[in-house]
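What follows is a single structure, written as structure tokens, with notes after it.
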Amino acid sequence: MKKVLLLGSGELGKELVISLKRLGCHVRACDSYDNAPAQQVTDSRSVINMLDGEQVMKEILDYNPDLIVPEIEAIRTEVLIEAEEKGFTVIPSARAVNLTMNRDHIRDRAYELGLKTAKFEYAESLNDLKDVSKKIGFPLVIKPVMSSSGKGQSLVSDKVNIEKAWDYAVSGMRGDRKRVIAEEFIDFDYEITLLTIKQRNAPTIFCKSIGHYQERGDYQFSWQPSQASEKIEKKAQDMAKIITNDLGGVGVFGVEFFIQGDEVVFSELSPRPHDTGLVTLFTQSLSEFDLHARAILGYPIYQNFFEKKGASHVVLANSEKDDFIFKGLELAMKEPQVDVRVFGKPTTRKYRRMAVVLGPNVDTVKKAAGSIKII
Ligand SMILES: Nc1ncnc2c1ncn2[C@@H]1O[C@H](COP(=O)(O)OP(=O)(O)O)[C@@H](O)[C@H]1O
Ligand SMILES: [Mg+2]
């Protein structure tokens with residue numbers, strides 16, 4: 001039986017654990033708080049601070065896993081490199097995890113590999129940022145180099161608001177590097193995630209691209225397939241292959257692109273299943289979690305796992321609570337073909353993602369999600 005150590009126990013981890021358990025794995029799930037979603041379905045759990053290298057290494061040595069699977073970005077990644085040197089297997093690879101947790105590292109790599117991106121510059125102070133804004137022009141997207149889910153990100157339309165954006169980025173940044181990326185705003189027609197599956201002894205394959213809509217830098221709903229033409233899909237696949245080949249390792253990668261006319265602009269990449277890919281729980285006979293499980297365990301993946309079009313919509317909390325109930329679940333499930341996944345997070349806070357609604361199209365999941373209230 002393969003032993004898997006999951007670092008991070010959110011909703012994506014929970015679905016991955018279910019896929020791994022179905023294939024007979026033993027899983028230990030770690031998070032900074034107890035009873036996190038993935039921990040509710042594992043054999044064992046640990047509450048540790050994953051930014052503390054010593055605690056992570058202690059956990060690895062204690063559990064002695066066949067596979068170490070990071071589920072979040074906020075991990076002391078030097079430890080993963082050390083673990084790999086000791087002979088442990090990190091998914092997809094310690095290098096991939098290390099590069100992608102820093103927006104500047106992965107963006108520099110994409111640039112070196114010749115992928116088209118938005119114009120970008122870095123800044124390490126407010127003054128730097130002012131200079132950079134003159135180079136790129138407005139509107140400008142500012143993000144801390146270490147952050148996720150839109151934290152510290154803002155769109156700046158003119159120089160009056162630069163200081164506010166700098167302060168906001170500094171307040172939302174993780175880690176000890178005071179550095180932001182300033183990007184040209186791409187007025188895209190739509191954006192996609194291309195789930196890319198790197199396999200050990202088989203070619204790289206792709207899911208049909210997923211369209212998604214974001215607010216505050218956080219995904220609200222997604223649909224699959226996206227409206228991308230075959231030509232655009234092929235362009236995105238070629239770009240995804242270049243960057244995932246460079247990163248190496250095995251597993252599912254969520255490669256994000258902006259589509260503007262015929263242009264395909266690389267944005268960023270997750271070396272793991274992607275939140276917008278929750279839709280594959282509805283659309284594919286092998287979800288992105290099943291695909292990740294098979295790829296990391298080295299099992300074959302059959303073709304034609306795409307079954308039917310569909311959509312997903314998040315259910316967000318609107319305030320901070322540790323005692324709450326879900327209202328309207330039965331109303332949501334009255335909608336045709338609608339299914340709901342409640343993550344089981346023990347507390348809420350404003351905009352925290354608590355559940356996802358799956359269904360046949362965006363209108364239906366939007367309506368169903370709208371009838372769920374967390375009170
Ligand atoms: N340069 C840009 N132009 C237009 N929109 C952007 C740009 N950068 C980010 N966004 C919007 O913000 C979202 C989140 O940004 P992203 O870089 O993916 O950060 P995160 O790591 O938090 O997901 C994107 O999906 C997109 O909707
Ligand atoms: Mg993103």
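The residues of the chain are indexed from 1 along the displayed sequence. All ligand and atom numbering here is 1-based and tracks the order in the structure. Just so you know, these numbers come straight off a predicted model, no measurement behind them.
- The single protein non-hydrogen atom nearest to atom 19 (O) of ligand 1 is Arg103 NH1, 3.2 Å, given as residue, atom name and distance.
- Under a cutoff of 6.0 Å and an axis angle of 45°, Lys14 and Phe343 do not form a cation-pi pair.
- Here the protein heavy atom with the shortest distance to atom 7 (C) of ligand 1 is Phe258 CZ, 3.5 Å.
- Remark: Glu11 engages Lys345 in a salt bridge, criterion side-chain N to carboxylate O under 4.0 Å.
- Summarising the local packing, NZ of Lys208 is surrounded by 12 or fewer heavy atoms from other residues, nucleotides or ligands at distances under 6.0 Å.
- In terms of protein heavy-atom proximity, atom 23 (O) of ligand 1 is nearest to Glu268 OE2, 2.9 Å.
- Taking a cutoff of 4.0 Å between a charged side-chain nitrogen and a carboxylate oxygen, Asp339 and Arg341 qualify as a salt bridge.
- Protein heavy atom in closest approach to atom 9 (C) of ligand 1: Lys143 NZ, 3.3 Å.
- Numbered from 1 in the order shown, with element, the atoms of ligand 1 that lie under 4.0 Å from a heavy atom of Phe188 read 4 (C), 5 (N), 27 (O).
- Side-chain atoms of Arg294 and Ser19 form no donor-acceptor pair, as typed in the model, at a separation below 3.5 Å.
- The backbone of Glu184, and not its side chain, has at least one atom closer than 4.0 Å to an atom of ligand 1 (non-hydrogen atoms only; backbone = N, CA, C, O).
- Of the protein's non-hydrogen atoms, the one nearest atom 15 (O) of ligand 1 is Gln153 OE1, 3.3 Å.
- For atom 27 (O) of ligand 1, the closest heavy atom belonging to the protein is Glu191 OE2, 2.5 Å.
- Glu124 and Lys178 are not joined by a salt bridge, as no carboxylate oxygen comes within less than 4.0 angstrom of a charged side-chain nitrogen.
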